[in-house]
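Before any comments, here is the structure.
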Amino acid sequence: MIRVFLMFIIFMIVSCGGTTKKEKPEWIYSSYYQEDKICGVGYSAMHVRGFSYQRATAIARAIDEIARQMGVKVTSSVEHFLKGTRGGAVSKLQLYTVQTTEGKIIKARIVDSYYDERSREFFVLMCSQ
């Protein structure tokens, strides 16, 4: 009985304690293609204002990459609002990105994202729609 109990404990330690390392996706290092789409990868290191800014920075960079491939000028800005009261603070992040070319609006969507917990880097893969 004790032997079975010890084997159970060892099994739990091995299965729960040993986390598998998630490798970075291939699209971070090489070009990513989807049929009739233009794709770009955005990256951001840890941001002093938190994860929402880190994510917004990576998204803006991915959109800039798509625009460069299309020959489009991109204007983007990030706005952060912080309101304080006696009870606490409310924070709001808004990302505005405008892409135009010959009167057409260029849209992009997030295909995949990856956060490296060790280095605290955030990567996002976006493709035009």
Side-chain angles (χ1 to χ4, degrees):
M1 184 68 174
I2 292 175
R3 181 178 259 175
V4 173
F5 180 73
L6 287 174
M7 290 180 71
F8 177 75
I9 295 296
I10 291 171
F11 174 76
M12 291 301 292
I13 290 171
V14 170
S15 63
C16 296
T19 57
T20 58
K21 221 180 191 183
K22 185 179 176 186
E23 293 186 25
K24 289 183 181 178
E26 186 63 32
W27 53 260
I28 291 175
Y29 302 108
S30 61
S31 298
Y32 180 84
Y33 297 99
Q34 277 191 355
E35 188 175 331
D36 299 328
K37 310 263 187 228
I38 297 176
C39 300
V41 174
Y43 156 82
S44 181
M46 187 174 69
H47 199 287
V48 69
R49 290 191 173 170
F51 181 74
S52 57
Y53 262 84
Q54 183 179 14
R55 185 176 185 274
T57 301
I59 290 170
R61 289 176 177 168
I63 291 171
D64 288 346
E65 175 63 28
I66 292 169
R68 268 194 296 279
Q69 293 178 51
M70 299 176 93
V72 178
K73 181 181 178 183
V74 175
T75 305
S76 50
S77 64
V78 176
E79 295 185 9
H80 182 254
F81 301 98
L82 182 63
K83 289 194 265 184
T85 63
R86 289 183 201 181
V90 176
S91 180
K92 182 178 179 183
L93 174 73
Q94 293 181 340
L95 173 65
Y96 297 100
T97 305
V98 179
Q99 309 92 13
T100 56
T101 175
E102 300 172 4
K104 295 179 184 177
I105 296 174
I106 300 170
K107 296 180 182 180
R109 66 178 181 84
I110 296 174
V111 174
D112 197 7
S113 63
Y114 174 78
Y115 182 74
D116 188 330
E117 291 184 22
R118 185 183 55 78
S119 65
R120 298 183 181 173
E121 297 170 313
F122 183 75
F123 300 87
V124 65
L125 170 65
M126 297 184 73
C127 292
S128 62
Q129 293 182 331

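FYI, the numbering just counts along the sequence from 1. As a basis for the values below, the full set of heavy atoms in this structure was taken, side chains included, without hydrogen atoms, waters or symmetry mates.
- We find the CD1-CZ distance between Ile38 and Arg68 to be 12.5 Å, quoted to the nearest 0.5 Å.
- Between Ile59 and Met126 there is a side-chain heavy-atom pair separated by less than 4.5 Å.
- When all heavy atoms of Gly40 and Ala62 are compared, the closest pair comes out as O-CB, 3.8 Å.
- Here the straight-line distance linking atom CZ of Phe123 with atom CG of Asp116 works out to 6.5 Å at 0.5 Å rounding.
- Hydrophobic clustering of Ile, Leu, Val, Met, Phe, Trp and Tyr side chains at less than 4.5 Å, counting indirect connections, keeps Val124 apart from Tyr43.
- Here CG of Leu125 is found 12.0 Å from CD of Glu26. Values are rounded to the nearest 0.5 Å.
- Counting non-hydrogen atoms of neighbouring residues, nucleotides and ligands closer than 6.0 angstrom, the CD atom of Glu117 reaches no more than 12 such neighbours.
- Note that the NZ atom of Lys24 and the OH atom of Tyr29 stand 4.0 Å from one another [nearest 0.5 Å].
- Formation of a donor-acceptor pair under 3.5 Å by the Gln69 side chain with backbone atoms of Cys39 is found in this model.
- Note: Glu23 CD to Ile28 CD1 = 11.0 Å, rounded to the nearest 0.5 Å.
- With a 4.5 Å cut-off on side-chain heavy atoms, Gln34 and Val111 count as touching.
- Met70 and Ile63 end up in the same hydrophobic cluster when Ile, Leu, Val, Met, Phe, Trp and Tyr side chains are linked at under 4.5 Å.
- Scanning for ring pair (Phe, Tyr, Trp, His ring centres under 6.0 Å) contacts around Tyr32 gives an empty result, with sequence neighbours left out.
- For Phe51, the ring pair (Phe, Tyr, Trp, His ring centres under 6.0 Å) partners two or more places apart in sequence, or in a different chain, are Tyr115, Phe122.
- In this structure, the separation between CG on Asp36 and OG on Ser128 is 9.0 Å, given to the nearest 0.5 Å.
- For Gln54 (side chain) and Ser44 (main-chain N/O), a donor-acceptor pair under 3.5 Å exists by modelled atom type.
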